[in-house]
Amino acid sequence: MKKFSIVLLVAALMFSLVACAPADNKEKATEAPAAEKKQEEQKEEKPEEKPEEKKEEEPKADKEKEPAADAEMNIHLITMDQMDVHWVKLEKAAKAKVEELTGAGKKINYKWLAPEKKDNAQQIQMIETAINDGANVIIISCNDSTAANDVLKEALDKGIKLIYVDSPATVEASATFATDNFAAGEAAGKKLLEELEAAEIKEGKIGIISAQAGVQSCIDRVDGFIKAFDGTPYELGEVQYSDGDAAKAQDQAAALINDGVIALYGANDGATNGMANAVKEANANGKNVLAVGFDNSSSNRAHVKDGELLAFMAQNPNVMGEKSIEAAVKVLEGEKLEETQVDTGVTVVTKDNVDQFED
């Protein structure tokens, strides 16, 4: 009996130990998931704080990009050269508009850059100068439709706005202010046809003198001129390029006259002036060469009055200069331009109306 009691006591002690152990483990097991759950909840709460921080920063970044209302505007005008009267008039009008706007409270830093003569490399240097000078807008008449594309794209990449006057490149710009040169060239061709018919000259070769091969404005003027002669008995000669230099154009015209042309067409001021000088000399020696050309200048007006130049196409460089400056300011102030492709017009000037085009 005593032995049996001892066995029962040992069994009771073992049972109590086993019963205690699961109780401790159970408490630990319930505590661990609770701690892990708390950590997971903390992890889930942290990502929610990041979007809120970004949302607060984004409006601040956008605000920094907006130009200050009283910021100075750096506007650079780049023309093909500085000697052609067309560019001189355009720049004069641009400068006058800048002075008008600064008088009204606008802060404008304006510069005119131009090569001494039409030269692609020199014009590219001018664009690079404008970029390095911190230009906000470059207003440019491109000497060639593609030669300066790389540097123009560089300007755009730096946030500089582009506006074309008279002659664009193929890089997209904010606006273009130019003559419809194809239509103007066609008008010149029709005028020459009218004069040939009046003189009863029914066939023959016609010489063409332009500026440079890549100048888009002159390309269009020549193409329009050629179109006017479609289906006629007249033969149009190969285009001669004078680089806009009157002396060179005069030599080219004299050579064409010696080759027997009945008429000549000049596609810009320098070409027209030089061509007219050659026609004046030839007609004084018994020839009868007819001529029409381009651009309003004192020399071309004199040629019309004297009769060696029957007509020239007068552009509106003053409109190009004024409108391009106005557009530059609007673009910098964030305004939307109502028109981005503006035909600035052309007039056929003859002896009948030449006095109306005095400077």
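Treat the numbers as computed from the prediction; the structure is a model and nothing was measured.
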Between [X] and [Y], is any pair of side-chain heavy atoms under 4.5 Å apart?
X: Glu333; Y: Lys106; answer: yes
X: Val137; Y: Ile163; answer: yes
X: Ile325; Y: Ile139; answer: yes

Between [X] and [Y], does any side-chain donor sit less than 3.5 Å from a side-chain acceptor?
X: Asp295; Y: Gln315; answer: yes
X: Ser141; Y: Trp87; answer: no
X: Asn268; Y: His86; answer: no
X: Gln212; Y: Asn143; answer: yes
X: Thr232; Y: Asp230; answer: no
X: Gln341; Y: Tyr164; answer: no
X: Ser297; Y: Asp269; answer: yes
X: Glu281; Y: Asn277; answer: no

Would you say [X]'s side chain and [Y]'s backbone share a donor-acceptor pair under 3.5 angstrom?
X: Asp81; Y: Asp84; value: yes
X: Arg221; Y: Ala267; value: yes
X: Lys89; Y: Asn296; value: yes
X: Asn109; Y: Met73; value: no

Q | Identified side chain to side chain contact (heavy atoms under 4.5 Å, CB included) counterpart of Asn288 within the set Ile201, Val279, Ile262 | A | Ile201

Q: Just jot down the ring-ring contact (aromatic ring centres under 6.0 Å, His included) partners of Phe294, sequence neighbours excluded, or say none.
A: none

Q) When rounded to the nearest 0.5 angstrom, what distance separates NZ in Lys323 from CG in Asn316? A) 11.5 Å

**Q.** Residue pair Asp243, Lys118: steps toward the salt bridge (Lys or Arg N to Asp or Glu O under 4.0 Å) verdict
**A.** CA-CA 7 Å; Asp243 298 321; Lys118 291 177 176 65; over 6 Å; no

Exercise: identify the closest heavy-atom pair between [X] and [Y]:
X: Val289; Y: Ala263; result: CG1-CA, 4.0 Å
X: Ala291; Y: Glu308; result: CB-O, 3.8 Å
X: Val261; Y: Gly207; result: CG1-N, 4.0 Å
X: Thr79; Y: Gln123; result: O-NE2, 3.3 Å
X: Ala130; Y: Ile138; result: CB-CD1, 3.9 Å

Q: Tell me whether Leu236 is reachable from Ile219 by hopping between hydrophobic residues (I, L, V, M, F, W, Y) whose side-chain heavy atoms are closer than 4.5 Å.
A: no

Q) Can you get from Val331 to Val342 by hopping between Ile, Leu, Val, Met, Phe, Trp and Tyr side chains that sit under 4.5 Å apart? A) no

Q) Charged N to carboxylate O below 4.0 Å: is that the case for Lys227 and Glu186? A) yes

(Q) Set out, in order, the CA-CA distance, both residues' side-chain angles and the distance that settles side chain to side chain donor-acceptor pair (under 3.5 Å) for Asn149 and Thr170, then state yes or no. (A) CA-CA 7 Å; Asn149 277 6; Thr170 55; 2.7 Å; yes

**Q.** Partner set under side chain to side chain contact (heavy atoms under 4.5 Å, CB included) for Glu195, not counting sequence neighbours
**A.** Lys191, Leu290, Leu310

Q: Kindly determine whether His303 and Phe312 satisfy side-chain contact (heavy atoms from CB on, under 4.5 Å), including the steps that lead there.
A: CA-CA 10 Å; His303 287 311; Phe312 63 79; over 6 Å; no

Q: Before giving the answer on side-chain contact (heavy atoms from CB on, under 4.5 Å), spell out for Ile226 and Ile208 the whole-Å C-alpha distance, their side-chain angles and the decisive distance to 0.1 Å.
A: CA-CA 10 Å; Ile226 291 171; Ile208 302 172; 4.3 Å; yes

